Engineer: 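The structure follows.
Both backbone and side-chain heavy atoms feed into the values below; hydrogens, waters and symmetry mates do not. Residue numbers count from 1 along this sequence. Bear in mind that the values here come from a model prediction, so they are computed numbers and not experimental data.
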Amino acid sequence: MKNKVLKSFDEAVADIPDGASIYIPGFAGPGTPRNLIAALIRKKAKNLVAISNHPGAGPFDGQMDLGKLVEAGLVKKIHCCFTAAPHPSQATAFEKLHQQGLIEGELMPQGTLAERIRAAAAGIPAFYVRTGVGTEMAEGKERRAFNGKEYILEHALPADYAFIRAYKCDTFGNLQYKLSQRNFNPIMAMAAKTTIVEVEQDPGPLGSIDPDQVHTPGIFVHRIVKIPPAPEGIWDRVVQR
């Protein structure tokens with residue numbers, strides 16, 4: 001069995017080239033691959049395309065997330081569901097750069113984002129959806145009627161890499177999540193060409209996770225790095241509770 005467990009996050013991201021597309025999951029904190037993001041900032045890969053629920057929590061959060069990659073000037077485009085902070089005083093790095101024309105963004109409904117990723121994982125090139133009909137989201141997209149209702153065509157959204165954070169794993173890469181890690185992480189792990197995982201507990205031997213608790217099968221996982229204790233490792237405040 002191939003050894004998927006690596007010693008460092010820098011080693012795990014060493015071959016990511018300029019221009020790569022990367023899934024960055026996380027939902028309200030849990031599942032955000034903070035250590036892999038930090039390693040990619042150190043590597044300084046440029047012109048990245050990020051696919052994420054949001055472009056970073058903004059200055060009020062203070063934790064390592066996609067916003068730090070944007071601040072470092074390493075991202076050229078983001079596909080996401082939220083582009084603006086709830087208050088002007090909390091404007092994210094993405095908002096500021098987008099207003100200056102320095103970064104591209106594609107906004108889409110949350111369900112559409114999830115389905116475009118799931119379609120990429122399933123080998124489905126495109127699908128019709130009702131969400132967005134009659135709005136700016138439908139502009140320039142193919143339309144078709146089913147049962148008297150109009151739908152728009154959305155395309156799969158694949159990526160070169162997925163950065164995944166998990167609670168437990170075994171050496172084959174079978175993953176167990178907790179809290180909202182199970183939101184975008186499982187479908188992103190399935191859809192990427194290369195899936196890299198930061199895990200909170202030491203990887204156990206194959207079979208150490210109850211099969212009923214395997215949320216991502218190891219066949220979708222290529223590289224694993226255990227998060228070291230703080231301060232070297234970056235731990236999510238919510239997950240530590």
Engineer: What's the spacing between Ile24 CD1 and His54 NE2 if we round to 0.5 Å?
Structural biologist: 10.5 Å
Engineer: Checking salt bridge (charged side-chain N to carboxylate O under 4.0 Å, His left out) between Asp15 and each of Lys43, Lys193, Arg223, which is the one that passes?
Structural biologist: Arg223
Engineer: Does the side chain of Glu232 come within less than 4.5 Å of Ile227's, by heavy atoms?
Structural biologist: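 The answer is no, as the side chains (C-beta and beyond) never meet within the 4.5 Å cut-off.
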Engineer: State yes or no: do Ile22 and Ile117 share one hydrophobic cluster built from I, L, V, M, F, W and Y residues joined by side-chain heavy-atom distances below 4.5 Å, directly or via other members?
Structural biologist: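 Looking at the clustering, Ile117 is in a separate group from Ile22.
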Engineer: When you measure from the centre of the six-membered ring of Phe172, is the NZ or CZ of Lys4 under 6.0 Å away and within 45° of the axis?
Structural biologist: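 The answer is yes, since Lys4 meets both limits relative to Phe172.
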Engineer: Do Pro25 and Met188 come close enough that some side-chain heavy atom pair is under 4.5 Å?
Structural biologist: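 Pro25 vs Met188: side chains touch.
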Engineer: Would you please classify the geometry between the Phe184 ring and the Phe27 ring as parallel, tilted or perpendicular, with 30° and 60° separating the classes?
Structural biologist: tilted
Engineer: Going through the distances and angles, do Ser21 and Asp160 end up as a side-chain hydrogen bond (donor to acceptor under 3.5 Å, both in side chains)?
Structural biologist: CA-CA 5 Å; Ser21 55; Asp160 300 316; 3.1 Å; yes
Engineer: Given 3.5 Å as the limit, does a donor-acceptor pair link the side chain of Glu139 with the main chain of Thr135, or not?
Structural biologist: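 Here the side-chain-to-backbone pair does not exist.
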Engineer: With heavy-atom distances below 4.5 Å as the criterion, would you say the side chains of Phe127 and Glu154 are in contact?
Structural biologist: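 Yes - at least one pair of side-chain heavy atoms lies under 4.5 Å apart.
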Engineer: Under 4.5 Å between side-chain heavy atoms, hopping through other hydrophobics if needed: is there a path connecting Val129 to Met137?
Structural biologist: no
Engineer: Any heavy-atom pair between the side chains of Val214 and Gln176 that's under 4.5 Å?
Structural biologist: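 In short, these two side chains do not touch, never coming nearer than 4.5 Å.
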Engineer: So, do Phe163 and Leu40 sit near enough that their side-chain heavy atoms are less than 4.5 Å apart?
Structural biologist: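 Sidechains of Leu40 and Phe163: in contact.
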Engineer: Can any side-chain N or O of Thr92 pair as donor or acceptor with the backbone N or O of Glu95 at less than 3.5 Å?
Structural biologist: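 Looks like yes, one N/O pair under 3.5 Å.
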Engineer: Which residue in the set Gln181, Lys168, Lys226 passes side chain to side chain donor-acceptor pair (under 3.5 Å) when paired with Glu200?
Structural biologist: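 So the option named by the test is Gln181.
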Engineer: How about Leu153: does its CG atom have over 12 heavy atoms from other parts shown lying under 6.0 Å from it?
Structural biologist: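 More than 12 within 6.0 Å, yes.
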Engineer: Let me see the working for Tyr177 and Thr216 under side-chain hydrogen bond (donor to acceptor under 3.5 Å, both in side chains), right down to the final yes or no.
Structural biologist: CA-CA 9 Å; Tyr177 303 110; Thr216 290; 2.7 Å; yes
Engineer: Evaluate the side chain to side chain contact (heavy atoms under 4.5 Å, CB included) criterion for residues Ile224 and Leu6: first the C-alpha distance (whole Å), next the side-chain angles of each, then the deciding distance (0.1 Å), finally the verdict.
Structural biologist: CA-CA 6 Å; Ile224 302 163; Leu6 305 181; over 6 Å; no
Engineer: Could you go through Leu66 and Ile78, starting from their C-alpha distance and side-chain angles, then the distance that decides it, and tell me whether this counts as side chain to side chain contact (heavy atoms under 4.5 Å, CB included)?
Structural biologist: CA-CA 10 Å; Leu66 174 55; Ile78 296 180; 4.1 Å; yes
Engineer: Keeping Ser52 on the side-chain end and Pro55 on the backbone end, is there a donor-acceptor pair under 3.5 Å?
Structural biologist: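 Checking the backbone N and O of Pro55 against the side chain of Ser52, no donor-acceptor pair under 3.5 Å is found.
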Engineer: Check whether any side-chain heavy atom of Val221 sits under 4.5 Å from a side-chain heavy atom of Cys169, and report yes or no.
Structural biologist: no
Engineer: Using a distance-only test with no angle check, is there a side-chain donor-acceptor pair under 3.5 angstrom linking Glu142 and Tyr128?
Structural biologist: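 Yes, a side-chain donor-acceptor pair sits under 3.5 Å.
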Engineer: Show the nearest heavy-atom pair for residues Ile209 and Asn174, with the distance to one decimal.
Structural biologist: CD1-O, 3.5 Å
Engineer: Apply salt bridge (Lys or Arg N to Asp or Glu O under 4.0 Å) to residues Arg34 and Asp65 and explain how you reach the verdict.
Structural biologist: CA-CA 6 Å; Arg34 306 187 191 281; Asp65 63 13; 5.1 Å; no
Engineer: Within the 4.5 Å heavy-atom criterion, are Ile124 and Arg118 side-chain neighbours or not?
Structural biologist: yes
Engineer: Taking a hydrophobic cluster as the set of Ile, Leu, Val, Met, Phe, Trp and Tyr residues connected by side-chain heavy atoms closer than 4.5 Å, whether directly or through intermediates, do Leu157 and Met190 fall within one such cluster?
Structural biologist: no
Engineer: Specify the closest pair of heavy atoms between Ile37 and Met64, including all atoms of both residues, with the distance to one decimal.
Structural biologist: CG2-SD, 3.8 Å
Engineer: If we ignore hydrogens and angles and just use 3.5 Å, is the side chain of Asn185 paired with the main-chain N or O of Ile164 as donor and acceptor?
Structural biologist: no
Engineer: With a sphere of 6.0 Å drawn around CD of Glu136, does it hold more than 12 non-hydrogen atoms of other residues, nucleotides or ligands?
Structural biologist: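 12 or below, so no.
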Engineer: For residues Leu36 and Ala12, report the shortest heavy-atom separation together with the two atoms involved.
Structural biologist: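 In this case the closest contact between Leu36 and Ala12 is CD2-CB, 4.4 Å.
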Engineer: Answer with yes or no whether the hydrophobic clustering places Tyr161 together with Tyr23; edges join I, L, V, M, F, W, Y residues whose side-chain heavy atoms lie under 4.5 Å apart.
Structural biologist: no
Engineer: Which atoms form the tightest heavy-atom contact between Ala38 and Ile234, and what is the distance?
Structural biologist: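 Closest heavy-atom pair between Ala38 and Ile234: CB-CD1, 3.8 Å.
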Engineer: Indicate yes or no: at least one non-hydrogen side-chain atom of Asn35 is less than 4.5 angstrom from one of Glu198.
Structural biologist: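 Sidechains of Glu198 and Asn35: in contact.
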Engineer: I would like to know whether Arg130 and Ile152 meet side chain to side chain contact (heavy atoms under 4.5 Å, CB included); could you show each step before the answer?
Structural biologist: CA-CA 6 Å; Arg130 280 279 292 165; Ile152 57 176; over 6 Å; no
Engineer: Can you give me every donor-acceptor pair (side chain of residues 103-113, partner residue at least two apart or in another chain, under 3.5 Å) with its distance?
Structural biologist:
{"residue": "Glu106", "atom": "OE1", "partner": "His79", "partner atom": "ND1", "Å": "2.5"}
{"residue": "Glu106", "atom": "OE2", "partner": "Arg116", "partner atom": "NH1", "Å": "3.1"}
{"residue": "Gln110", "atom": "NE2", "partner": "Asn53", "partner atom": "OD1", "Å": "2.7"}

Engineer: Distance check, rounded to the nearest 0.5 Å: Leu175 atom CG versus Tyr167 atom OH?
Structural biologist: 13.5 Å
Engineer: Grab the two heavy atoms, one from Leu48 and one from Pro17, that are nearest each other, plus how far apart they are.
Structural biologist: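 Looks like CD2-O, 4.0 Å.
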Engineer: Please step through side chain to side chain contact (heavy atoms under 4.5 Å, CB included) for the pair Val197 and Arg165, ending with a clear verdict.
Structural biologist: CA-CA 6 Å; Val197 177; Arg165 184 172 180 131; over 6 Å; no
Engineer: Between Leu69 and Val13, is there shared hydrophobic-cluster membership here, with clusters defined by ILVMFWY side-chain heavy atoms closer than 4.5 Å?
Structural biologist: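 Hydrophobic grouping puts Leu69 with Val13.
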Engineer: Mind listing the closest non-hydrogen atom pair of Ala120 and Ala156 along with its distance?
Structural biologist: N-CB, 3.7 Å
Engineer: Say you draw a straight line from NZ of Lys2 to OG1 of Thr171; how long is it, rounded to the nearest 0.5 Å?
Structural biologist: 13.5 Å
Engineer: Rounded to the nearest 0.5 Å, what separates atom CD in Glu115 from atom CD1 in Ile187?
Structural biologist: 8.5 Å
Engineer: Which distance, rounded to the nearest 0.5 Å, do you find between the CG of Leu102 and the NZ of Lys76?
Structural biologist: 14.5 Å
